[in-house]
Each structure stands twice: as structure tokens, then as C-alpha cells.
Amino acid sequence: MKFYITTPIYYVNDRPHIGHVYTTTIADILARYHRLCGDDVFFLTGTDEHAAKVVDSAAQHNLTPQQWSDQNAQAFQDTFRKLGIANDDFIRTSQQRHKDKVVQYVGELLKTGDVYPGEYEGWYDEGQEEYLPENKAKEYEFKSPFNGKPLVRKKEKNYFFRLSQYGDALLKLLEDQPEFLRPDARRKEIANRIREGLNDVPISRTGTGDWGIRVPGDDEHVIYVWIDALFNYLSTVDTPARQHFWPANVHLIAKDILWFHAVIWPALLLALKRPLPAQVYVHSFWIAEGQKMSKSLGNFVDLEKIDRYVADYGLDALRYFLANNGPLGINDSDFAEAKFIEVYNTDLANELGNLINRTLSMIKRYRQGVVPAGGAAEFRLDFTAYRQHMDAFDLTSALAEVRAGVVRANRYVEESAPWTLAKAPEKAAQLDAVLYNLAESVRLITVALAPVMPAITAQARTQLGVGEIAGPLADELTWGRLPAGTTVGTVAPLFPKKV
Ligand code: ME8
């Protein structure tokens with residue numbers, strides 16, 4: 001089966017921060033999981049470059065918009081590489097391959113009449129590069145709900161997308177295919193907004209010089225940055241070698257860009273008569289130390305802070321925390337250092353690290369480092385529920401299953417007391433069985449955690465004496481596959497305890 005997953009393409013004007021890292025890490029975990037399942041995976045991230053503010057920032061830095069974008073897009077790519085993100089491609093909207101496709105798509109829409117020339121006047125949020133409907137502008141007292149700056153009254157000749165035609169089709173989509181928009185609460189929210197009525201939306205603008213993609217057949221207008229950006233999901237795989245990946249299995253986004261992904265994007269695809277993505281999955285926001293992240297409060301989890309966490313606790317601990325404690329549901333999550341340390345010490349050092357360390361140490365001590373043959377299977381771990389949760393993108397529940405397995409295995413150590421069995425020669429077979437069951441538990445746990453903690457699980461497997469995971473997942477998670485006679489390697493703590 002193929003599995004195509006995307007993240008938003010990030011505004012190239014910003015420096016990468018924990019929000020970008022979060023979405024991209026979650027997508028990476030799901031991509032790794034599906035690769036492990038044997039799926040043909042395509043994982044896409046990238047940068048959104050044609051915003052008007054790019055032109056301004058570039059000018060302030062005495063650079064062309066292209067130079068400024070090159071520099072900042074590189075920062076995103078470097079960050080993602082450093083953080084172990086294994087994306088299959090990185091799309092930049094200023095790349096020719098993307099621009100050519102967008103011209104083609106908008107050309108098609110001009111032909112069908114879904115895009116038409118007209119005039120628009122309204123309240124414009126310059127920071128977000130979007131118009132707010134009259135009632136919303138009023139509700140926010142004519143200030144940007146994002147940065148508090150006054151909205152600007154703007155009037156322009158414009159090309160419009162006939163969104164008003166698609167309300168019924170979108171409502172039907174949400175009703176017939178509820179899995180199109182998850183979690184459920186987001187679907188209800190969007191359905192209500194669609195029922196309030198849809199207006200045609202402007203999709204072009206002037207005044208950014210050459211920066212942007214020209215509306216075909218018009219020398220003045222460039223395509224509005226959001227329309228340009230949404231097309232990335234299609235343009236990147238709209239080639240003979242990749243077209244089998246379309247439609248996407250999931251667009252992973254946060255709640256800030258829900259409207260564009262749950263309304264504008266499917267409507268554009270309906271107009272183009274292209275298949276719709278199977279799912280838009282909407283997560284919530286990270287806040288930090290109990291408050292909304294902001295530069296002025298100094299609680300922004302920026303690259304420098306992220307680097308510090310990685311240096312202090314290891315990349316995989318950060319990935320675990322993001323997956324385990326992140327805002328995948330409809331509530332925001334707090335990125336708090338105290339919480340991070342607690343999760344590190346409890347889940348990773350005391351539970352997981354301890355299980356692996358004591359298991360391998362006992363095999364060294366009692367069986368000269370060779371995994372004995374197991375006996376009667378009085379103990380086993382079962383990861384069926386883990387797989388169901390992973391398939392449903394419920395990482396928190398999936399990790400809770402693994403953690404429960406770790407806790408059970410640790411309890412099994414206490415209950416079977418191998419140190420007592422080791423003193424009684426007639427209990428040798430029983431001790432063999434216990435040690436085998438523990439080693440096999442460790443192996444299964446490394447498989448289940450591999451998508452989240454690729455480096456640590458690889459180290460744990462080296463210590464256990466088994467090689468890389470060969471896959472597919474269903475086989476790897478079958479109890480009893482660890483061969484007796486496996487020789488344990490050098491044992492060392494995987495998660496040094498922190499204070
Ligand atoms: O909106 N918590 O780009 P963007 C969690 N270019 N995730 C967060 C977050 C937070 N506090 N802050 C940001 C854009 N994100 C457009 C997208 S897509 C066709 C165009 C993540 O750079 C989250 O994924 O503002 C959010 O949706 C995205 O960054 C917005 O990134």
C-alpha cells in the first residue's frame with residue numbers, strides 16, 4: 001500500500017521553532033511507522049515562499065526575495081536534517097517544478113470558469129496575508145487576531161475562486177466521509193462555518209513585483225500565496241513517477257490553517273476534478289511554560305532552546321516528549337521544562353532504560369551474555385492495540401500501550417525475582433524462561449518504539465545483540481522470534497538520569 005503524508009509548508013520568513021519541529025516530527029514518526037509496515041511511503045515537507053512579507057524582509061536585508069528565501073529555506077532543511085527527519089522531498093514554492101504546475105492548475109480553473117476576474121474590497125490582515133470577513137473583522141475590533149495590528153481596508157481588481165458553488169459538496173463530503181477531517185470536533189466546527197454560507201474568494205494580488213506566480217494571461221496579477229501554497233501537495237507528486245501517491249493519505253496541520261485545508265483546498269480539487277485527500281488531521285498548539293509562546297515573554301521554544309534539549313537529553317528523548325505529550329487532540333499542550341524532565345526520568349530512565357539495562361545485565365550475569373531458550377510462555381507482550389492506535393494517528397495512546405508493556409515487564413522482573421532463581425540450580429529452566437521472556441519483551445519494545453526513537457532503539461538492539469529491524473512490522477511484533485543463543489553486546493545505560 002502507498003502512504004503519502006504531508007506537513008504544512010512553512011513560511012520562509014520565520015526561523016524554525018518548536019511548532020514547525022512538532023508537526024514535522026509527528027509526520028516523520030508516522031512515515032517511519034508506515035515504512036516499517038512495508039508501505040510505499042512518500043513524506044513531504046517544504047517552504048512557502050511567495051508571501052508579500054518575504055519581499056519586505058529581503059529588501060531590509062539587501063537581498064533579493066530569492067536570495068532571502070534560499071537562505072531561510074536552507075535553515076529549515078538543516079534543522080530538519082539535524083532533528084532526524086527523513087522526508088522524501090522538500091518542496092519550495094519558488095522552484096520551477098512547482099510554479100509550472102500552479103500555472104497549469106490555475107489555467108484549468110480559468111477555463112472552467114471556477115476562477116474569474118472581478119473586484120474585491122475588504123479588511124486585510126497584512127501579517128497573515130488574508131482577508132477577514134466583515135463579521136470577523138468587527139468581532140476582532142478591526143485588529144489582527146494574530147498580532148493585534150490594525151486591519152487594513154483594501155480594494156483591488158482581483159481574480160476570484162468560485163467557492164460559493166462548493167458549499168453543498170463540502171458538507172456532503174464531511175457527512176459521507178467523516179474521516180476526511182479529524183478530530184471530530186474540528187469537523188463540526190468547519191461544518192458550522194460552511195453552513196453560514198461561502199463567498200467567492202480573491203486568489204490574486206498585485207504590488208509584489210516579480211515575486212510570485214503570474215496568473216496565466218495577466219501581466220499584473222500574481223496568484224495569492226495561499227492558493228499557490230496549497231497546490232504544493234499536488235504539484236510535488238504530479239509527475240509520471242509519483243502520481244500514484246495522489247491523493248494524499250493525510251495532510252497533517254495545526255488548527256491555525258484549518259479553513260484553508262478543510263474548505264478551500266478540497267473545493268479547489270473538486271473544481272479541478274481531482275481526487276480528494278483521504279484525511280486532513282488537525283492538531284492543536286504548543287504553548288510554553290503555561291503561556292502562549294511569544295518572543296517578548298521569552299518563552300518561545302526556538303531553535304536555540306531545541307538544541308539545548310537535544311544536547312542535554314538526546315534527540316530521541318525530545319521526539320518521545322513531542323509525541324507523548326503533544327497537542328494531537330483538540331487541547332493545547334504545555335512545553336514546560338519541569339514536565340519534560342519528569343517524563344524523561346519516569347518514562348525513559350526509570351521504566352524503559354531500567355528494563356533494558358537490568359534485562360541485559362542479568363543475561364550477562366546469569367547466562368554469560370547468551371540469551372537462553374525460552375520455556376513455557378507464562379509471560380508475553382501483545383502490541384495489537386499499539387498498531388490500531390498508530391493506524392489511527394493516535395500516538396499518545398500507542399505510546400501508552402508500549403509504556404504499559406514496559407511497566408508489566410518490569411513488574412515481571414520483580415515478581416519472578418531472577419536473583420533468587422539464580423541461587424537454586426533446580427530452577428535453571430525457570431530462570432531461562434524468565435530471561436528469554438524479558439529479552440523478547442525488550443526486542444518487541446524496540447520495534448514498537450523505533451518510529452519515535454530511531455537512534456535509541458537501534459542502540460538498544462545493538463546491546464541486545466540483534467541487528468536492524470528487517471520488517472515488516474507484523475512479523476517483527478510476533479512474540480517468540482528472538483533466537484535463543486543471541487549474544488548480548490556491550491551494555492550501557494541509554495538514559496542517564498537527570499536532576
Ligand atoms: O501557515 N504549536 O506556515 P507557518 C504547534 N505557510 N504547531 C505549530 C505552532 C504551535 N505553537 N506554531 C506553528 C503557514 N505550528 C503556511 C502554511 S500550507 C499549504 C501553508 C505549525 O510557517 C503547525 O503545523 O505559519 C502550523 O499549522 C504551521 O506550523 C504553520 O506554519
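Side chains are part of it too, since the values below use all heavy atoms of this structure and drop only hydrogens, waters and symmetry mates. Indexing begins at 1, ligand by ligand and atom by atom, following the structure's order.
Between His261 and Tyr233, the ring planes are tilted. Angles from 30° to 60° get that label. A tilted orientation is assigned to the rings of Tyr120 and Phe160, their planes being inclined by 30° to 60°. In this pair, Tyr22 and Trp286 present their aromatic rings perpendicular. The plane angle is above 60°, beyond the 30 to 60° band.
Screening Asn87, Val237, Asn232 for a side-chain contact (heavy atoms from CB on, under 4.5 Å) involving Leu44 leaves a single residue, Asn232. Test Tyr320, Phe321, Tyr313 against Tyr344 for ring-ring contact (aromatic ring centres under 6.0 Å, His included) and you get one pass: Tyr313.
Distances between N or O atoms of Pro327 and those of ligand 1 include no value under 3.5 Å. In terms of N/O distances under 3.5 Å, ligand 1 is not approached by Tyr22. The distance criterion of under 3.5 Å between nitrogen or oxygen atoms is not met by Ile253 with respect to ligand 1. Taking only nitrogen or oxygen atoms, main chain and side chain alike, Ser284 does not reach within less than 3.5 Å of ligand 1. Among the atoms of Asp256, some N or O lies under 3.5 angstrom from an N or O of ligand 1. The shortest N or O to N or O distance between Tyr11 and ligand 1 is below 3.5 Å.
Using a 4.0 Å heavy-atom cutoff, His17 is listed among the residues neighbouring ligand 1.
Contacts of Phe260 with ligand 1, taken as heavy-atom pairs under 4.0 Å, are absent altogether.
Residue, atom and distance of the protein heavy atom nearest to atom 17 (C) of ligand 1 are Ile9 O, 3.2 Å. When hydrogens are left out, the protein atom nearest atom 1 (O) of ligand 1 is Ile257 CG2, 3.4 Å; that is the closest non-hydrogen contact. Nearest protein heavy-atom neighbour of atom 8 (C) of ligand 1: Gly19 CA, 3.3 Å. Tyr10 CD2, 3.5 Å is the protein heavy atom nearest to atom 31 (O) of ligand 1. Annotation: atom 2 (N) of ligand 1 to nearest protein heavy atom, Trp286 N, 2.9 Å.
Annotation for ligand 1: atoms under 4.0 Å from non-hydrogen atoms of Thr23 are 21 (C), 23 (C), 24 (O). Applying the 4.0 Å criterion to heavy atoms of Met293 picks out, from ligand 1, the atoms 11 (N). Set against the non-hydrogen atoms of Tyr233, the atoms of ligand 1 under 4.0 Å away are 18 (S), 19 (C). Counting the atoms of ligand 1 from 1 in the order shown, those under 4.0 Å from a heavy atom of His261 are 18 (S), 19 (C). Set against the non-hydrogen atoms of Asp48, the atoms of ligand 1 under 4.0 Å away are 6 (N), 16 (C), 20 (C). Proximity to His283 (heavy-atom distance under 4.0 Å) selects the following atoms of ligand 1: 5 (C), 7 (N), 24 (O). Listed by number with element, the atoms of ligand 1 under 4.0 angstrom from any heavy atom of Ala229 are 19 (C).
Among residue pairs with one or both ends in residues 58-70, those qualifying as salt bridge (Lys or Arg N to Asp or Glu O under 4.0 Å) are Asp70-Arg92; sequence neighbours excluded.
Looking at Glu220 and Thr206, their side chains never bring a donor and an acceptor atom within 3.5 Å of each other. Ser94 and Gln66 share a side-chain donor-acceptor pair at under 3.5 Å. With no hydrogens or angles considered, no side-chain donor-acceptor pair links Thr45 and Tyr10 at under 3.5 Å.
Stacking of Lys53 on the aromatic ring of Tyr11 is recorded, both the 6.0 Å distance cut-off and the 45° axial limit being met. Geometrically, Arg153 engages Trp123 in a cation-pi contact, judged by NZ or CZ lying under 6.0 Å from the ring centre and within 45° of the ring axis. Cation-pi geometry between Arg162 and Tyr116 is satisfied (NZ or CZ under 6.0 Å from the ring centre, within 45° of the ring normal).
Using a distance-only test at 3.5 Å, with no hydrogens or angles considered, a donor-acceptor pair links the side chain of Arg187 to the main chain of Pro178.
Here the shortest heavy-atom distance to atom 23 (C) of ligand 1, taken over Ser333, Ala288, Ala254, belongs to Ala254.
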